[in-house]
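Input: a single structure, listed below in structure tokens.
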Number of protein chains: 2
Amino acid sequence: MSSFGKIASLRHPVAINLADRPSASACEDCGARHLGLCDALSDEELVFLSSAAHRMTLPTGRLFLEEGDAAQFFYNVNSGTVRLFKALPDGRRQITGFAGPGHFIGLAATDMNVVSAETMEPVQLCRFSRAGMRAMFEEYPALERKLLDVAMHELVLSQQQMLLLGRKTALERIASFLLSWAQRQENCNTGKLPRPNAKLTLPLSRTDLADYLGLTIETVSRSLSALKKEGLIEIPNIHEVVLLRPQALENIAEAAN
Amino acid sequence: MSSFGKIASLRHPVAINLADRPSASACEDCGARHLGLCDALSDEELVFLSSAAHRMTLPTGRLFLEEGDAAQFFYNVNSGTVRLFKALPDGRRQITGFAGPGHFIGLAATDMNVVSAETMEPVQLCRFSRAGMRAMFEEYPALERKLLDVAMHELVLSQQQMLLLGRKTALERIASFLLSWAQRQENCNTGKLPRPNAKLTLPLSRTDLADYLGLTIETVSRSLSALKKEGLIEIPNIHEVVLLRPQALENIAEAAN
DNA sequence: CGCTCTTTTGAAGTTCTTCAATTTTAGTGG
DNA sequence: CCACTAAAATTGAAGAACTTCAAAAGAGCG
């Protein structure tokens, strides 16, 4: 957890949501959710902010941001999952991240978007004009601080991913992914291992997984099968994985010998 | 160039350096240099800032930031080059970036450093305590804005690197690297191709290059030789590369068919 | 000038990919 | 509810790209 984040949330220990997101009960003590913009602002500020926001609901598979287009908006995800990716002309694709509830989209941009964004499920999001956002920074410095915090966190994640893509084997990538996804889903960045038998829900297809980990779907499939055969995981169905032995996965993921 | 950067530099079109860096003549119209903190502040603010900074000079090969240590400081590079990297227990290393003059170090951190930093040449830098920096944000919002701008730019770069590491071939990686290094060195992020016969100076060893591009030194060497054989580059010596046909390199780098 | 370290080049080996076939899953209509 | 179809995932076998191991050439330094 970043120190900037801590400041922001201490000063505004609020739990109202940007839009009317469902329950926010888990928000306050969750490392990942407080990375949403929501926690950065007081009630009053949130009202102002949400007046500047445009709520939208998108169906599955909607490409709402395209690499190379002029960067007009920021987005904040309320529900559902978004995949962010870059692509080469011949179709090769690298998914750079996934944005779920509370996540902010649009930081990785100059005047143009440098990534594309596509919904993986029905998604609700709030849209802000970048210009309006800049104006708002004058009024509400806490917002800017929060954004810096989010950006720094993204930077940490992307550097982990560089290590994974540049130096890890297929098996290590899969193990790393499972653990990081567990953190994301469950105990939100506490840095602790998930408990044995923790159940993961993956909204990702094998293709997404492959494009995120820099592998082919066949290699992803084979690696998952290998972990299953070794008794480290169970795969009740395509969208669920049970982590039978998280410590063993961690040893593989971190190449601990 | 990011819009936030524009704001910051328009408001404070100053060219004093953080410490007494050599000539700053090229600073104002250079996309990369204005990413240094220097441009974000007025004269008065800079005086204040530099009073909070601790100047240091480090010899080649000094490891001054270690992954996992408590994150106490930010650094701003004045001269020389620093390599930032993550490593696995068995020694595999991934260089996540290089920091040269004007570059800011320490953004990719939570309470702990998530990367290590090591000097590649004699390096001069300014050190700021993270706590002091936070206090300064209250006084000088422009500073925080600038930092957000820097973080966003880093994010853009790291996503390009993810595409490279996850999806590009060895030859494509080398071609991409040469072009990006030319931009860094020469026309600073203008997005234009370097002119034919542009000469690159690489302070990197082949090992650094390999660890940056997720390859082995042998593959790096072979790929460079291949580009040379094809007449796209010339390699007068180990630390210099001449880009004979930048457009052809670009075609390889971007997999344009 | 000779030593060492880095880089280059070659040959063999490994991991991952590609191609192909089978199995499983999911969606649709009877 | 079940069968049928299409898409996705798994598994197998062959191939390619990169790595590893090994040796030679080149650069740097006392």
Side-chain angles (χ1 to χ4, degrees), chain A residues 59-61 83 88 90-95 120-122 164-178 200-230 233-241 252 255, chain B residues 59-61 83 88 90-94 120-121 164-178 200-230 233-241 252 255:
Chain A
T60 301
R83 99 186 115 230
L88 292 170
D90 61 8
R92 278 175 286 173
R93 189 178 72 155
Q94 179 64 41
I95 294 182
M120 302 165 65
E121 327 168 81
L164 182 148
L165 293 171
R167 287 301 182 212
K168 290 188 180 178
T169 66
L171 204 65
E172 289 164 356
R173 293 182 201 202
I174 296 289
S176 300
F177 168 78
L178 291 174
L200 297 196
T201 307
L202 307 178
L204 329 177
S205 68
R206 295 292 186 258
T207 301
D208 284 331
L209 208 34
D211 285 347
Y212 183 52
L213 300 179
L215 301 167
T216 59
I217 53 172
E218 292 93 335
T219 302
V220 167
S221 186
R222 276 186 258 269
S223 302
L224 282 169
S225 298
L227 290 176
K228 186 170 74 176
K229 200 169 157 200
E230 295 295 319
I233 63 173
E234 229 163 44
I235 310 178
N237 67 66
I238 283 301
H239 291 292
E240 285 183 24
V241 175
I252 293 176
Chain B
T60 301
R83 99 187 116 232
L88 291 169
D90 61 8
R92 276 175 287 172
R93 189 178 70 156
Q94 179 64 41
M120 301 165 66
E121 325 169 81
L164 181 149
L165 293 170
R167 288 300 181 212
K168 290 189 181 178
T169 66
L171 206 64
E172 289 164 355
R173 293 181 200 201
I174 295 289
S176 301
F177 167 79
L178 291 174
L200 297 196
T201 307
L202 307 178
L204 328 178
S205 68
R206 295 292 184 260
T207 303
D208 284 330
L209 208 34
D211 285 347
Y212 182 52
L213 300 178
L215 301 167
T216 59
I217 53 172
E218 292 93 335
T219 303
V220 167
S221 186
R222 274 186 259 268
S223 303
L224 283 169
S225 298
L227 290 177
K228 186 171 73 177
K229 199 170 156 197
E230 295 295 320
I233 63 172
E234 228 163 46
I235 310 179
N237 67 66
I238 283 302
H239 291 291
E240 286 183 22
V241 176
I252 294 177

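Numbered from 1 within each chain, the chains take letters A, B, ... in sequence-line order.
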Qualifying residue for salt bridge (charged side-chain N to carboxylate O under 4.0 Å, His left out) with B:Asp211, from B:Arg83, B:Arg92, B:Arg93:
B:Arg93

Min side-chain heavy-atom separation [X]-[Y] under 4.5 Å:
{"X": "B:Ile233", "Y": "B:Leu200", "result": "no"}
{"X": "B:Val241", "Y": "B:Leu227", "result": "no"}
{"X": "A:Leu202", "Y": "A:Phe177", "result": "yes"}

Comparing nearest nucleotides in DNA chain C, the 5'-proximal residue of the pair A:Gly214, A:Ile238 is A:Gly214

Heavy-atom nearest nucleotide on DNA chain C taken for A:Pro236 and for A:Leu171; more 5' hit belongs to A:Leu171

Integer-rounded Å distance: [N] [atom2] and [X] [atom1]:
{"X": "A:Leu213", "N": "C:dT15", "atom1": "CG", "atom2": "P", "result": "19 Å"}
{"X": "A:Ile174", "N": "C:dT15", "atom1": "CD1", "atom2": "C1'", "result": "15 Å"}
{"X": "B:Asp208", "N": "C:dT6", "atom1": "CG", "atom2": "C1'", "result": "12 Å"}
{"X": "A:Leu224", "N": "C:dT23", "atom1": "CG", "atom2": "C1'", "result": "17 Å"}
{"X": "B:Met120", "N": "C:dT6", "atom1": "CE", "atom2": "P", "result": "14 Å"}
{"X": "B:Arg167", "N": "C:dC16", "atom1": "CZ", "atom2": "C1'", "result": "11 Å"}
{"X": "B:Asp211", "N": "C:dT6", "atom1": "CG", "atom2": "C1'", "result": "15 Å"}
{"X": "A:Lys228", "N": "C:dT24", "atom1": "NZ", "atom2": "P", "result": "10 Å"}

Can you sort out the partners of B:Ser223 under side chain to side chain contact (heavy atoms under 4.5 Å, CB included), two or more places apart, ordered by chain and number?
B:Ala170, B:Leu171, B:Ile174, B:Thr219

Can you tell me if CD on B:Glu240 sees more than 12 non-hydrogen neighbours from other groups inside 6.0 Å?
yes

Which of residues 215-222 of chain B sit near DNA chain C, with a heavy atom under 4.0 Å from it?
B:Glu218, B:Ser221, B:Arg222

Looking at [Y], is its backbone amide N or carbonyl O close enough to the side chain of [X] to form a donor-acceptor pair, meaning the two atoms are under 3.5 Å apart?
{"X": "B:Arg167", "Y": "A:Leu215", "result": "yes"}
{"X": "B:Gln94", "Y": "B:Tyr212", "result": "yes"}
{"X": "A:Glu172", "Y": "A:Thr169", "result": "yes"}

Chain B vs DNA chain D, heavy-atom contacts under 4.0 Å, first-to-last nucleotide span, 5' to 3', is D:dC18 to D:dC21

